[in-house]
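One structure is given here, and the rest of the page talks about it.
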Amino acid sequence: MPLLELRNLYKAFGGLQAISNVSLTVNEGEIVSIIGPNGAGKSTLFNLITGVYQPDRGDIIFEGERINGLTPDKVTRKGIARTFQNLRLFTHLTVLENVLIPQHHRLKSGWLAAVLRTPAYLKEEEEMRKMALEKLSFFGPRLMSFRLHQPVYVLSYANRRRTEMARAMATGAKLLLLDEPSAGMNPKETKEITQIIRRFRDEGGYTIVLVEHKMNLVGEISDRVVVLDYGEKIAEGDYKDVVNDPKVIEAYLGRREE
Amino acid sequence: KIGINLELSGRFAAIGNQTLNGIKVANLQTPEVLGQKVELVICDNETTREGSIACAQRFVNEGVIGVLGAISSSMSIPAAEVLQDAGIIMISTSSTNPQTTQIGDFIFRMAYTDDFQGKLAAAYVVGDLGAKKVAVFRQIDDDYSYGLAGFFDQTAKKLGAKTLIQDFVANTVDFTAQLNNIRSFKPDAIYYSGFCAEGAPFMKQLREQGFAQQVVGADASDDPQCPEGAGAAFDGYIFTGFATPNLIADPAAKKRAEAFKQKYFEVIKNAKPGDFNGFVLAGADSYNVLVAAIKAAGTTDVKAVRDALGNMEHYPGVSGDITYKGTDGTPKDRTIGFYKYEVKSASDWKKIELFGKSTAEVQ
Amino acid sequence: MTASKLASRSTLFTLLAGLLLVVLIGWRIAMLGDYTFARIVQDFLNALTLGSLYALIALGYTMVYGIIRLINFAHGEIFMLGSYFAFYAMTLTPMHWGLALLITVLLGGTVLLVLRSLFNLEEPKRTAALALLIFAGTFFLLAFRNMGWIEALLLSMLATGVAGVLLEAVAYRPLRGAPRESMLITAIAASFFLQNMGQLLFGPRVQGFNAETILNRPLNFTIGEETVYYTGILIVVPTVTAVLLFVLNLFVSRTKLGKAMRATAQDAEVAQMMGVNVNQVIALTFFIGSILAAAAGVMYAIRFGQIHPLMGLIPGIKAFTAAVIGGIGSLPGAVLGGLLLGFIEIYVVSLFPTLSAYKDVFAFVLLILILLFRPSGLVGEDLTEKV
Amino acid sequence: MPEPLLELKNVSAYYGPIRALNQVDMVLYPGEMVCLLGGNASGKSTTLKTILGLVQVGEGEVYFRGERIDPKPTSYRIEKGMAVVPENRRVFPKMTVRENLEMGAYLRNDAKGIKEDLDYVFSLFPRLEERLGQMAGTMSGGEQQMLAMGRALMSRPKLILMDEPSMGLAPKLVETIFKIIKTVNERGITVFVVEQNANIALSIADRGYVLQTGEVVLEGPAQDLLHNEAMRRAYLGEV
Amino acid sequence: MRNTLLTLATVGLAILGLYLLTQAEGSSGLLSALTLIFIWGIAAVSLNLINGQLGILSLGHHGFMLIGGYVTALLMLPEKERAPFRTRLLSDWARNHLDLDKWLRGAGLDFIANSIDLKFVVALFLAGLAAAVVGVIVGAPSLRLKGDYLAIVTFGFGEIIRLLPNAPEVAALTNGPLGIKGIPGDAGTVWWTFFAFLFVLWFLTRLKFSSYGRAFEGIREDEIAAEAMGVNLAYHKVLAFTISAFFAGVAGGLYASYLQSVDTQTFNFFVTFFLLVAISLGGLGSITGAVLGTAIVVLVRIYGGFLEKPYPAYVGYLGGAVVMLSAFAFSAYIRKARRLRPVVETKHLIFGALGVALLLVTVLFRNEPWMTQTVQFFGLRKILLAVILILIMIYRREGIMGRAEFSWKLIFGPREDIPTEEQRKQDAWLSNPDLNPDAAKKEDDDASA
Ligand SMILES: Nc1ncnc2c1ncn2[C@@H]1O[C@H](COP(=O)(O)OP(=O)(O)OP(=O)(O)O)[C@@H](O)[C@H]1O
Ligand SMILES: Nc1ncnc2c1ncn2[C@@H]1O[C@H](COP(=O)(O)OP(=O)(O)OP(=O)(O)O)[C@@H](O)[C@H]1O
Ligand SMILES: [Mg+2]
Ligand SMILES: [Mg+2]
């Protein structure tokens, strides 16, 4: 059974058909990249999956269960977490707090227990902290040392992106949707992040769907690449096939120079 | 040492300052008692209950013998609770709600109570003016206005008139809808039990909307803000209030009041003629009786002074004869004056004294 | 539920609610019995008078609120200042020439400075001409005229506009770029400050504002046997409000400056990067807002015949309410909201006389209902964000 | 050497107690295209903000067209001929595409010139013309980036500052955008660009600066930097 | 551990101090100031939970306080009532059924019954509960709204609640607009309020530093993100709103007991306004800040009275001069500390000039009658408060405490959030190991080896 399955999704904004008839399956343990020109509907697809928008038609099936119509928090609790293309961190909270909040929904203790600091609650809190550090440690000292207690608004752009990824992982989701994880990073850092995303899967056991424009990253880690254009899926397959697809070159990559 | 708890800022600031002036003048006249100088501790309660309590507490700390004020029942009652518990004398200058002095034996007042005022006004409107139908406007969120309107309404009904009550709340400025409501009732007279802040727009709109009936109000209208606010709309307005010297029946008291008035205008230099009214006299007398009680007791022991005050009979005050003996702290005989505004414009108006009626008569 | 479904549902609710309202009103009128046609007309005129006053206040409020997105708690106090300025202009003139000169220099100088910084007057000739006009005009008005309400209104509008700009410069400008809450708190503080300053400077008591104008001339006509009364304000204020609405709307949506205002509201930092002098634009917004407040303040004072330092509090809250009911940021919305408030207040009293003291409860219940079904006000913009 | 267009002399800038720029010296000559590189959090964006006056200069001086501008407000600097493509796009979300572009031309009054430039922008980014009436906030990330570029061009600046203009753009567009930058530069507009995509940036730039923790650690002609061993290792990720 | 001890020690000291104070002569003014600080402090921290931590502008807090006030009043009303009441349904019932002290005495636990009035505890709890129930009723539908729309709706609810006791239908119970008077006041004394205050502080601090508190702050920062991270918005908003309403109700009950009366005018919008001023002065979102802000506001209101005493006019002029000159010095100082240039802004010179001018005027005309006459300004305290608030917003826009809380670490520990230059250098090496002197040295070593 595939982890995530999209069946004939449609979404329009006014007259604009942002997503039309998109179907997609993602299997457990895969890294799937979604590429496509600007405005192709990639982020919209993420928004549909996570419940920020509701599809006009079609089904979204996660672990065999239809999740259309759920609010974003319910979707997250089902096991899908995401990062935002335009960064939506809790800017005045510290990095650590940012990574603790997504674990809140798993808390079993009620608010009264939290106030009373019952042993059960304290244990849970301890576990949350451990998990937060574990997720942050994917990024090594970049977020771990003094950055841990810095409020997010002092972080530079790339460090914010890293924090967002750690935060998404901390929800305890199985499936991560990463919207342009390497934006704002230089080639060297992009390489670093590529390795880290691979480790998300290998060590963290996540299944990953990502949107990217940096082809070397996509090429290096994707098991499968899906190409969207004007809301439609125009190609799907492994990286090599896709980048040599003339339709993709025409719509997205442009004339290859090398 | 005497505490003064007055509404010097906020909604009732105007009356508060008039009362304060009265006390100041009285203090100038009798600056000493038992060979000691009387020290006035002034506290502004900002026309809030909390402020009034804070003032009361401050006086408890500073160890005053007695407290003068506050003006309105809403501020007097909470302060009275504190002072009664602390065993300090309080003389509310113009609280007219019957409750105030029932709080305890340390609480006195200088005014009459609203049941008299309401009854007298109703008798006047139904009896003297011959009104068969009266529209009553009351401010529903004020102890004074609400209570007073109630007493008026009761008596008027008892005397055979029909009434129609219209409610409003503090800071209302638009009365057009209420006025439209009484249109088909066709009242012969209108009773207004509120304050001037609402009264001025009320009268203005009343006249604009074509009502020409006689309007009668109460002592809260005894305030220059009324005619100055609405100008000619107040022409002919009749209201009850603290008696001014001329209306005091007792000739001796009248003389004292006249003398005080002279002194007042000597001391308070920039006072306008309209600033002198019954509130000034009430302020002065509350000071006077307290000092007199201290003198009678011959000591500054609070208990003794309270007893002296409670047993006071026929004190010759500027506002009339004052007797506390045998009452709950409300003087036995007070004169309620009837006045009429004659207003040409906001800056050119007169308060005509009609006649006075003693509360003793009604009892 | 999709957005469109939601929209259609809320329209349905609105329709239903409207229907219910009509039925309720009809039933009450039938119950009341003596509610004659003339009284209906009378109530309508009363409501229109009050509502259009609210609308005028709300319009000025929205200029600042809708454009800078600052809940300007101090707007009510600016409104109060406007009426006091006019009051003193009317009662203290003509004044001794020395005093007039002093005030002219102070007031005229500030006005000139403010106008210069607002409109980039660089050409010396024009500036000089303007200066001459302002100084001579002010001096003439102060020293030789017993100002009528129109002159007082004009002078007060100018002075209040300047006061608004100064308030902005002192209290709000240092907070540029601060979080919304800080601005809000400063607005509260400013309102608190002005209220108490007003009590200190103008005295706490209520002052009569007695202008003989066409605005408060009692007029009437008859329907059958009965007479219906109204005053000149019923004609003037709605007209002024409508004209202002039209002009301001055009200004904000079409002119460059209007666009700069909106841009500043959305992202002041980027607006700066486009070359917008953000300080100037915001100052200008306050200038216009305060001028409108002054106009509304004078109308209000004429209508109700009195002014006092706390008079701005309630109209300020009403304007805020009106602006929100109408939809934040929408000038027509503010006017609509103001009218609606006026109508509610009048009709609650006349349809439910025993509940007249609770008319604010009704106003707020309606407000809540409206917002629950239309979460962004009657004509407000959609609040959803792109993620 | 001609007169420099922009000069930073010994500039330091602070965020509260944090010193984000440390005694930075930079010069831009008219018509040049200069590229600013550096790792994350090295202070690139801060440099641009300092030039624009969005961050106050703590110590040091900034000169633009021979005039000292560090005490001047941002709007004055724009008036003197700067334009900017801000980090993270920052379009006006509740304004339409057209209004956003018009805001770019805020300080201009020549209707005809504006029209020309509008057409020029449309020729560069046809997508913008398609979406003229759309609220900018609802556009996709890349579309917003185009809009931000177009908006900056609308002011006909002397100097254009760009903070990561290629971020979030499709590969095809990245190439296009650098071509556009090149053409813009060839029209005589000086370009100062912060870019992570150092390979492309350096290949079209004249010179480059490299920042590290707020300090300039390397500078020189673009070609030299491109082939600088340390540089390649540090930023281009080549070993 | 050390911190817990320190906290306990502080609380102990506070109790001791308070005890000594209650024993001291002439301290009743100070005590009532403290009582007010505690009462308003409870209200302020509860408002802070919504406005600061949850980030929702709520303007209807006075409504919840009013409910608490009325409930307490009705439950505590003594049998022998001074004022004639139309109905004492609830208070009669309360006397018969809620008198825990009677039961305690019956059970032989006299010492508890003698030392605290348990009925008041119950009354306060019920007051809070009533407010909380209304909080849910108000919150559930309206918390869907956003921003200012929500603000005005909460304001509307607050006003509706405030006006309802006046309605003829409930007036039989609430005595209409006249309110209820004669509530026993001894329950509103400093010990009660002190312990209630301690409890509320303890409760809300614990809540803030729990996972729930973090969730609230997440909602404040970014609702969409919080929702995407699995936080159930509706539940958490209503939860915070309800808890806040509960404590507002408790504060209202204490306040009614302090005033010994309750009516619909006491709890008007100014109450919320006042609380807003207090919490923003202290720093929105900070519990410590809310307390600090409340203390300042209450103290200025009570002890600022000296400003409004009569004094000769020249004192006023001198005071003005001092204010102006210190404003001038202060602004220069701040600009210097912030490395803003020029240190003295031209427009700030106005302050200096005005100060000097005032000084000159005072000296030159020191014998003129208008300089020596006695003047008295009422309302200066409020003006002072407003000016303090504006200044704080300008120079410390996040309020005195910002979002931070007082903690022992703040005093004893190092700041964690500001990196040292060294740390930032190390951070940079992550991107470029070449620049790491150690690494470079190591390479040298390798080479030489
Ligand atoms: N809320 C909305 N209202 C109107 N149009 C929208 C909305 N959200 C997205 N769109 C439009 O839908 C299209 C797809 O947007 P989307 O954000 O999914 O693009 P994308 O593939 O993520 O592009 P990019 O790579 O540039 O981020 C765009 O043309 C965008 O303008
Ligand atoms: N508002 C701020 N407050 C405090 N510190 C800040 C602020 N903005 C940036 N910083 C700090 O200043 C330093 C430089 O940040 P800057 O944004 O200039 O980096 P950058 O080079 O643009 O990085 P990136 O490539 O990630 O965008 C960083 O250490 C950052 O944490
Ligand atoms: Mg996208
Ligand atoms: Mg950057």
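Proteins come first, then strands; the chains are lettered A, B, ... in the order of their sequence lines, and each starts at number 1. Computed from heavy atoms alone, side chains included, the values below leave out hydrogens, waters and symmetry copies.
Across all non-hydrogen atoms, the minimal contact from E/G230 to A/R77 is O-NE, 3.3 Å. Summarising the geometry of A/S109 relative to E/Y212, their closest heavy-atom pair is O-OH, 2.9 Å, with the distance given to 0.1 Å. Between E/H236 and A/H104, the shortest heavy-atom contact is NE2-NE2, 2.6 Å. In this structure, A/R117 and E/F209 approach most closely via the heavy-atom pair NH2-O, 3.2 Å.
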>> Using the rule given for side chain to side chain contact (heavy atoms under 4.5 Å, CB included), can you reason through E/V231 versus A/D73, listing the C-alpha separation, both sets of side-chain angles and the distance that settles it, and then say yes or no?
In response: CA-CA 6 Å; E/V231 177; A/D73 58 313; 5.8 Å; no

>> Go through it in stages, so that I can follow the logic: the residues are A/W111 and E/R206, the test is side chain to side chain contact (heavy atoms under 4.5 Å, CB included), and I'd like the CA-CA distance, side-chain angles, deciding distance and then a yes or no.
In response: CA-CA 10 Å; A/W111 56 275; E/R206 281 268 177 114; over 6 Å; no

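For a residue to count as touching a neighbouring chain, one of its non-hydrogen atoms must lie under 4.5 Å from one of that chain's; by this rule A/T50 does not touch chain E. Residue contact with chain E, scored on non-hydrogen atoms closer than 4.5 Å, involves the backbone and the side chain of A/A114 alike. At a 4.5 Å heavy-atom cutoff, E/L204 makes no contact with chain A through either its backbone or its side chain. When heavy atoms are compared at a cutoff of 4.5 Å, A/L148 does not approach chain E at all. With a 4.5 angstrom heavy-atom cutoff, E/Y235 touches chain A only via side-chain atoms.
Among A/L112, A/L89, A/L107, the residue making the largest number of heavy-atom pairs under 4.5 Å with chain E is A/L107. When each of A/H92, A/R106, A/E164 is checked for heavy-atom pairs under 4.5 Å with chain E, A/H92 comes out on top.
A distance-only check finds a donor-acceptor pair linking the side chain of A/Y121 to the backbone of E/S211 [under 3.5 Å]. Side-chain N or O atoms of E/R214 include none that pairs as donor or acceptor with a backbone N or O of A/L93 at under 3.5 Å. No donor-acceptor pair under 3.5 Å is formed between the side chain of E/S210 and the backbone N or O of A/V115.
Rounding to the nearest 0.5 angstrom, the gap separating the OG1 atom in A/T71 from the CG atom in E/L233 is 8.0 Å. Interatomic distance, A/T76 OG1 to E/N232 CG, rounded to the nearest 0.5 Å: 11.0 Å.
In this structure, E/F194 places its CZ atom where more than 12 heavy-atom neighbours from other residues, nucleotides or ligands lie under 6.0 Å away. Counting heavy-atom neighbours within 6.0 Å of A/Y153 OH, excluding the residue itself, gives a total of 12 or less.
Salt-bridge annotation for E/E227 and A/R88: absent, with no side-chain N of the basic residue lying under 4.0 Å from a carboxylate O of the acidic one.
Residues of residues 94-102 of chain A that come closer than 4.5 Å to chain E, counting heavy atoms only, are A/E97, A/L100, A/I101, A/P102, ordered by residue number.
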